[in-house]
Protein chains: 2
Amino acid sequence: MNKSFAKKEFKKFIKEKGLKFTSQREKVLDEILNTKGHFEIEDIVQKIKNKNVNVSRATVYRTLNILKEIGIVTEVIKFNNKTIYEISLKEHHDHLICTNCGKIIEFQEKEIEELQDKICEIYGFKPTFHRLEIFGLCKDCASKEDIIQ
Amino acid sequence: MNKSFAKKEFKKFIKEKGLKFTSQREKVLDEILNTKGHFEIEDIVQKIKNKNVNVSRATVYRTLNILKEIGIVTEVIKFNNKTIYEISLKEHHDHLICTNCGKIIEFQEKEIEELQDKICEIYGFKPTFHRLEIFGLCKDCASKEDIIQ
DNA sequence: ATAGGTGCAAAAAGTTTGCACTGTT
DNA sequence: AACAGTGCAAACTTTTTGCACCTAT
């Protein structure tokens with residue numbers, strides 16, 4: 001999925017559902033598509049505010065919900081009562097999250113995906129998305145901890 | 001980990017950290033150990049309330065945080081801004097979550113665990129816990145959806 | 001006796017919603 | 001013109017916290 005494809009999908013979805021393509025929705029989508037890597041909703045709210053563009057927090061939340069439904073963005077990490085999002089442009093991958101410094105490392109592992117598909121098949125489960133989070137200490141934090149102890 | 005082991009671990013941790021073994025903490029732990037399967041914090045608060053036992057919601061939350069730290073309970077699912085917990089008594093397993101009816105299916109897949117360990121090693125990452133959630137439609141809900149469409 | 005713990009109510013933080021008004025179709 | 005969308009503030013949910021009092025050690 002690339003940016004213009006994402007925008008087309010968004011418009012298509014809007015049309016199909018009889019919704020409206022407003023300037024606010026477009027601004028939220030553009031801001032998200034210009035974001036590299038992981039983000040929180042509040043990041044988007046602030047970026048928009050800094051540009052003196054008029055889109056309310058409520059509209060950002062409402063638009064995010066549409067984007068989640070379409071599959072343009074995904075909730076990839078739930079940590080410390082925060083939700084971290086990502087644009088679903090790259091191939092699927094999962095995350096290592098350092099609980100000490102907050103660093104996020106992405107990894108891809110086809111075999112894990114395949115095993116998941118196998119399991120879904122066994123249970124007759126129709127998956128829409130999944131999320132694998134491995135929490136722990138990154139290399140740097142782990143070595144610092146060794147020194148402390 | 002069985003129940004009496006969990007209790008011992010709890011007491012050990014309390015002692016080591018110079019904390020106190022209060023009747024409230026014991027009641028919360030007992031209530032959790034008597035819970036089968038998945039639970040939310042509010043479930044524990046209500047169960048305790050129904051017994052006319054005096055443990056406040058704040059204390060339940062505070063005790064849960066200790067139990068998480070020890071590893072006696074784990075946050076296994078984050079869905080719809082809810083946190084679902086589980087006692088870490090069984091062998092590690094992951095979950096299929098039906099986004100339509102809320103059904104939770106547990107599955108175990110050693111190979112996935114092994115692949116995760118491999119990845120952590122590659123990145124020098126020291127994992128403490130992980131969570132794999134596969135969201136989608138369970139068999140029943142998937143077949144109903146076929147009929148609707 | 002002295003930390004640490006508890007309950008309460010208030011506060012945070014994240015997210016949703018009701019309502020009057022506005023804008024897309 | 002109709003109906004969906006928006007902004008705002010209020011509401012809601014889940015979780016944490018400050019404080020005065022209490023209790024395990």
Side-chain angles (χ1 to χ4, degrees), chain A residues 7 10-32 38-49 51-70 73-85 102, chain B residues 7 10-32 38-49 51-70 73-85 102:
Chain A
K7 208 151 182 175
F10 186 64
K11 286 186 182 168
K12 192 179 132 200
F13 181 91
I14 292 277
K15 198 165 208 175
E16 281 173 2
K17 296 261 177 174
L19 307 178
K20 284 164 187 170
F21 188 72
T22 63
S23 69
Q24 288 92 331
R25 284 181 175 163
E26 186 168 25
K27 278 168 194 159
V28 173
L29 178 59
D30 286 344
E31 207 53 73
I32 286 172
H38 309 102
F39 64 90
E40 292 174 37
I41 291 194
E42 200 53 29
D43 297 337
I44 303 300
V45 172
Q46 290 310 320
K47 276 192 179 184
I48 285 175
K49 191 171 274 173
K51 290 190 178 168
N52 290 317
V53 171
N54 50 319
V55 181
S56 69
R57 169 173 287 103
T59 293
V60 174
Y61 272 93
R62 287 190 272 233
T63 306
L64 249 289
N65 284 338
I66 296 177
L67 295 174
K68 266 195 273 184
E69 197 180 336
I70 306 177
V73 302
T74 318
E75 295 181 345
V76 288
I77 298 171
K78 289 278 197 175
F79 183 50
N80 275 160
N81 307 320
K82 283 202 184 316
T83 301
I84 297 176
Y85 291 88
Chain B
K7 208 153 183 174
F10 185 65
K11 285 185 182 168
K12 192 179 130 200
F13 181 90
I14 291 278
K15 197 165 210 174
E16 282 173 3
K17 296 262 177 174
L19 307 178
K20 283 163 187 172
F21 188 72
T22 63
S23 69
Q24 288 92 332
R25 285 180 174 163
E26 185 167 26
K27 279 168 194 159
V28 173
L29 177 60
D30 286 344
E31 207 54 72
I32 287 172
H38 308 103
F39 64 90
E40 291 174 39
I41 290 194
E42 199 54 29
D43 298 336
I44 303 299
V45 172
Q46 290 310 321
K47 275 192 179 183
I48 286 175
K49 191 171 276 176
K51 289 189 178 169
N52 290 317
V53 172
N54 51 320
V55 182
S56 69
R57 169 173 287 104
T59 294
V60 175
Y61 272 93
R62 289 190 270 234
T63 306
L64 249 290
N65 284 337
I66 296 176
L67 294 173
K68 267 194 273 183
E69 198 180 336
I70 306 176
V73 302
T74 317
E75 296 181 346
V76 287
I77 298 170
K78 289 277 197 176
F79 183 50
N80 275 159
N81 307 319
K82 283 201 184 320
T83 302
I84 297 176
Y85 291 88

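To find a chain, count down the sequence lines: A is the first, B the second, and so on, and within it residues start at 1. None of these values were measured; they are calculated from a predicted model.
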Engineer: Encode nucleotides 9-17 of chain D as B, S and - characters from 5' to 3', where the letter depends on protein heavy atoms closer than 4.0 Å: B to the base, S only to sugar-phosphate, - to neither.
Structural biologist: -----SBBB
Engineer: Based on the rotation axes of five pairs at each end, what angle does the helix from C:dA1-D:dT25 to C:dT25-D:dA1 bend through, to 10°?
Structural biologist: 30°
Engineer: Can you tell me how far CD of B:E75 sits from CD1 of B:I84, rounded to the nearest 0.5 angstrom?
Structural biologist: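 Spacing of CD1 (B:I84) from CD (B:E75) equals 11.0 Å.
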Engineer: Taking the nucleotide of DNA chain D with the nearest heavy atom to each, does A:G18 or B:I14 sit closer to the 5' end?
Structural biologist: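 It is A:G18, whose closest nucleotide lies nearer the 5' terminus.
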Engineer: So how far is it from B:K78 NZ to A:I77 CD1, rounded to the nearest 0.5 Å?
Structural biologist: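 If I round to the nearest 0.5 Å, the distance is 12.5 Å.
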Engineer: Reading DNA chain C from 5' to 3', where do the contacts with chain B start and stop? Cut-off is 4.0 Å to heavy atoms.
Structural biologist: C:dA3 to C:dT15
Engineer: Can you say whether the rings of B:F21 and B:F10 are parallel (under 30°), tilted (30 to 60°) or perpendicular (over 60°)?
Structural biologist: perpendicular
Engineer: Nearest whole Å is fine: how far is D:dA4 P from A:K15 NZ?
Structural biologist: 17 Å
Engineer: Side chains of B:Q24 and B:R62: closer than 4.5 Å at any heavy-atom pair?
Structural biologist: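 No - every pair of side-chain heavy atoms lies 4.5 Å or more apart.
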Engineer: Between B:K27 (NZ) and D:dT23 (P), how many Å, whole number?
Structural biologist: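 Rounded to the whole Å, the gap is 11 Å.
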Engineer: Can you tell me if A:T22 touches the phosphate of D:dT6, counting only side-chain N or O atoms and a distance under 4.0 Å to OP1 or OP2?
Structural biologist: yes
Engineer: Ignoring backbone atoms, test whether B:Q24 places a side-chain nitrogen or oxygen under 4.0 Å from the OP1 or OP2 oxygen of D:dC22.
Structural biologist: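 No.
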Engineer: Can you find a heavy atom in the side chain of B:T63 that is under 4.5 Å from one in the side chain of B:L29?
Structural biologist: no
